Amino acid sequence: MQEIELILPDKSVRKIPAGTTGQQVAESISQSLARKALAIKIGGKILDLSQPLTTGGDFRIITPSNDDPDALYVLRHSCAHVLAEAVCDLYPGTRLAYGPPVDEGFYYDLASPKPLSDDDFPAIEKRMAEIIKEDRPFTRCEVPVEEAMRRTEGDKYKRDNAERAVARGDKIISFYANGEPGKNWEDLCAGPHVPSTGRLKAFKILSLAGAYWHGDQNSDQLTRIYGVCFADKEGLQKHLTFLEEAKKRDHRRLGKDLDLFHLEDHSPGMVFWHPKGAFLYNALRNHVRKVILARGYQEVITPEIVDKSLWIRSGHADKYNENMFKTMAGDKEMAVKPMNCPCHIEIFNQGLKSWRDLPLRLAEFGKCHRNELAGTMHGLMRVRGFVQDDAHIFCTEEQIAPEVRDFCVLVKDLYADFGFQVAKVKFSTRPEKRIGSDDLWDKAEAALAEATKLAGLDAELNPGEGAFYGPKLEFVLKDCLGRDWQCGTIQVDFNLPVRLGATYVGQDNQKHHPVMLHRAALGSIERFCGILIEEYAGDFPLWLAPTQVRVLPISEKFQDYALQVLSKLIAAEIRAEVDNSNEKIGYKIRQGEQQKIPYLLVVGEKETLGNLVSVRKRKEGDQGQQSLDDFVKVFKLGLPN
RNA sequence: GCCCAGGUAGCUCAGGGGUAGAGCACUUCCUUGGUAAGGAAGAGGUCUCGGGUUCAAUUCCCGAUCUGGGCUCCA
């Protein structure tokens with residue numbers, strides 16, 4: 001009999017006859033391991049315990065663990081099947097589409113005859129618990145293509161899934177039954193699964209959403225049920241607690257609590273910044289301004305409302321029309337700019353440019369408006385009116401790579417100033433809806449790829465997601481729930497300079513079109529503020545805190561002294577205020593802490609007599625009494641250089 | 001734009017076909033205090049908007065709008 005070699009996690013090698021199942025291997029190691037085992041992983045592929053092993057390789061037995069992504073993967077996938085059976089039981093006529101595990105849990109896309117709502121969750125969870133209690137085996141059943149076609153006859157989604165499997169070249173199609181095939185509920189599915197429903201120890205249905213069949217908005221709208229599943233109750237509870245905690249960091253929550261900004265019905269997707277939020281907003285702008293001016297950028301300011309003819313020439317009227325706000329000036333059609341690039345080209349086009357002028361870096365904190373679809377807005381993260389820390393670098397082809405590299409360094413440095421690391425970099429290539437010839441796109445993509453390499457970045461390929469005028473690099477940051485948001489970006493564009501007639505005189509005394517690099521480091525100030533608020537949970541570093549110091553008089557008798565302290569702090573360029581409410585000191589401390597103010601200075605009789613302040617530093621507590629001058633010195637040490 | 005759920009006091013939310021509720025916040029008074037909520041009183045609402053059903057609608061129905069979770073789209 002043919003033998004295969006399993007390399008166990010401790011690197012020891014175990015020889016077994018081909019056809020042995022994972023379950024048998026587990027039993028041969030130890031009974032307790034066999035009882036715990038959920039699945040096995042061989043050669044990087046997860047298999048059911050009951051599947052016969054046919055090839056050797058790195059081998060391990062997957063047991064329940066909240067720290068093992070493979071364990072969670074099989075548990076969640078299996079839990080999705082239990083969910084699907086429960087829904088099919090409760091709402092006969094339900095048709096199923098996909099039910100995969102995802103990073104934080106699982107979902108199932110389905111079409112039920114009755115619209116589902118959150119009110120249905122208890123019933124669904126109850127039915128799931130019953131199925132789990134019955135501890136039915138997940139039974140794999142492999143059938144030839146013809147049989148799979150017969151079984152999925154008339155089932156639009158499953159038939160389509162089966163056909164896709166065949167198109168991929170699958171000769172055998174697998175089904176999984178929650179119990180006995182032909183008797184219990186079953187689903188077309190590649191697996192793998194845990195041995196039985198009873199192995200699911202901790203799950204919860206979280207939410208309901210709509211999703212398009214195959215992500216195509218012209219296709220069927222399905223109902224997506226999201227759930228989570230963990231190895232045990234503690235894991236589930238920890239996750240639910242995490243979600244609760246995330247809510248407290250939510251920038252929309254903190255925007256209200258810390259009085260930073262608000263959004264209102266009159267202007268959906270456009271932000272009303274309150275004084276403290278406006279401070280933060282300007283702090284970001286000022287910091288970026290300082291950094292880019294030191295790196296060879298020049299700042300410009302351009303109009304927000306521009307005649308339609310420019311947008312026709314730039315291609316926006318054709319490719320970006322539905323996203324533009326339109327307005328009239330008399331009988332002239334105008335549009336509110338959705339991007340700054342055409343305006344910057346207009347500046348470039350003033351006067352003759354020589355090759356000696358390149359690279360020319362024009363920067364603008366440019367306010368853009370985009371009429372985004374109603375359902376896409378999200379707090380500060382996705383708005384209709386926003387300011388980009390934008391710039392356009394006009395350069396030669398040879399200058400692309402060094403300019404991209406310099407920009408990548410700038411992004412890295414700038415994010416580090418805010419205490420962030422670049423989470424992810426994506427390389428997005430030509431979209432379907434685009435301008436320019438394929439030759440130019442080939443050139444642009446190759447140039448960006450080379451520059452990415454030069455910058456030493458590990459970029460993930462994101463095909464078809466580029467801008468309509470060029471490929472781009474995207475710098476992605478995460479919000480409190482781990483959702484991705486594109487912040488910085490740089491895009492190589494051979495198209496717009498040609499369309500808008502930008503030229504420079506080369507060393508050969510001929511006119512040439514420059515290459516244009518579109519780039520934004522923070523992306524939009526709005527979105528970056530949102531990320532910043534969540535990252536710090538409103539507990540901003542000293543240099544970004546809208547209020548840095550609050551002075552708390554013990555009683556109204558010491559208000560005059562508090563005001564003296566205030567004016568000295570303001571003179572020292574410290575952002576300070578006085579709490580002169582008629583409350584006890586305990587209450588004022590509480591308020592100051594809740595507003596996350598870095599320093600609270602308590603002043604009462606003792607301080608008044610000694611010309612002192614009692615310092616309380618956020619998160620570190622009481623720092624004792626100090627002279628005001630000493631406090632200012634310590635305070636200044638807390639600011640970045 | 002699509003699916004589901006919401007919109008009640010400044011905030012967080014309860015309620016329900018017949019004069020609108022709580023806690024916090026706010027104002028005034030008492031209190032003048034020493035490091036995370038002192039006490040009392042008061043004020044505050046066209047129950048998102050528009051239609052419909054009804055003797056009567058904040059409540060039920062329809063539509064609009066905004067918000068939330070997703071999908072699609074994007075900085």
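All chains are named by letter (A, B, ...) in the order of the sequence lines, taking the proteins before the strands, and each is independently numbered beginning at 1. Side-chain atoms are counted along with the backbone in the values below, which use heavy atoms only and exclude waters and symmetry mates. These numbers were taken from a predicted model, which means no experiment stands behind them.
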Checklist entry - Which value, in whole Å, describes the distance between the C1' atoms of nucleotides G45(B) and A20(B)? => result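 One C1' to the other, the span is 8 Å.
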Would you classify [X] as touching base, sugar-phosphate or nothing, given that sugar-phosphate means primed atoms plus P, OP1 and OP2, and contacts are heavy atoms under 4.0 Å?
X	result
Gly375(A)	base
Thr376(A)	base
Ile585(A)	sugar-phosphate
Gly379(A)	sugar-phosphate

What is the distance, to the nearest angstrom, from the [atom1] atom on [X] to the [atom2] atom on [N]?
X	N	atom1	atom2	result
Leu206(A)	C4(B)	CG	C1'	15 Å
Ile225(A)	C3(B)	CD1	P	17 Å
Glu607(A)	U35(B)	CD	C1'	11 Å
Leu373(A)	U65(B)	CG	P	14 Å
Lys114(A)	C4(B)	NZ	P	11 Å
Gln486(A)	C74(B)	CD	P	10 Å
Glu583(A)	G38(B)	CD	P	6 Å
His518(A)	C74(B)	NE2	P	16 Å

Item to check | Inter-residue atom distance Glu244(A).CD - Arg249(A).CZ, 0.5 Å rounding | outcome: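 Rounded to the nearest 0.5 Å, the CD-CZ separation comes out at 14.5 Å.
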Item to check | Earlier contact from the 5' end, RNA chain B, for Ser207(A) and Arg590(A) | outcome: Arg590(A)
Next on the checklist: Holding to side chain to side chain donor-acceptor pair (under 3.5 Å), I want the full list of residues that pass it with Lys424(A), two or more places apart in sequence or in another chain.
Outcome noted: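 Asp484(A).
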Checklist outcome for this item: Taken in chain and number order and not counting sequence neighbours, the residues that satisfy side chain to side chain donor-acceptor pair (under 3.5 Å) with Glu607(A) are Ser614(A), Gln625(A)
Tell me if the side-chain of [X] makes a donor-acceptor pair with the base of [N], cut-off 3.5 Å, by modelled atom types.
X	N	value
Arg519(A)	A75(B)	no
Tyr212(A)	G1(B)	yes
Asn582(A)	U31(B)	yes
Arg224(A)	C3(B)	no

Next on the checklist: Any salt bridge linking Asp622(A) with Arg616(A)? Criterion: basic side-chain nitrogen under 4.0 Å from a carboxylate oxygen.
Outcome noted: no
Checklist entry - Got a salt bridge between Lys337(A) and Glu364(A), using NZ or NE/NH1/NH2 to carboxylate O under 4.0 Å? => result yes
Next on the checklist: Stacking between A75(B) and Phe386(A), yes or no? Criterion: centroid separation under 5.5 angstrom, plane angle under 30 degrees.
Outcome noted: yes
Checklist entry - Can you list the stems that RNA chain B is part of, where a stem is at least 3 pairs in a row, each Watson-Crick or G-U, with both distances below 3.5 Å? => result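 For RNA chain B the paired stretches long enough to count as stems (3 pairs minimum) are B:1-7 with B:65-71, B:10-13 with B:21-24, B:26-30 with B:38-42, B:48-52 with B:60-64.
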Next on the checklist: Looking only at side-chain N and O atoms, does Asn340(A) offer a donor or acceptor that is under 3.5 Å from a partner on Asp390(A)?
Outcome noted: yes
Item to check | Tyr107(A) six-ring centre to Arg224(A) NZ/CZ under 6.0 Å and within 45° of normal | outcome: yes
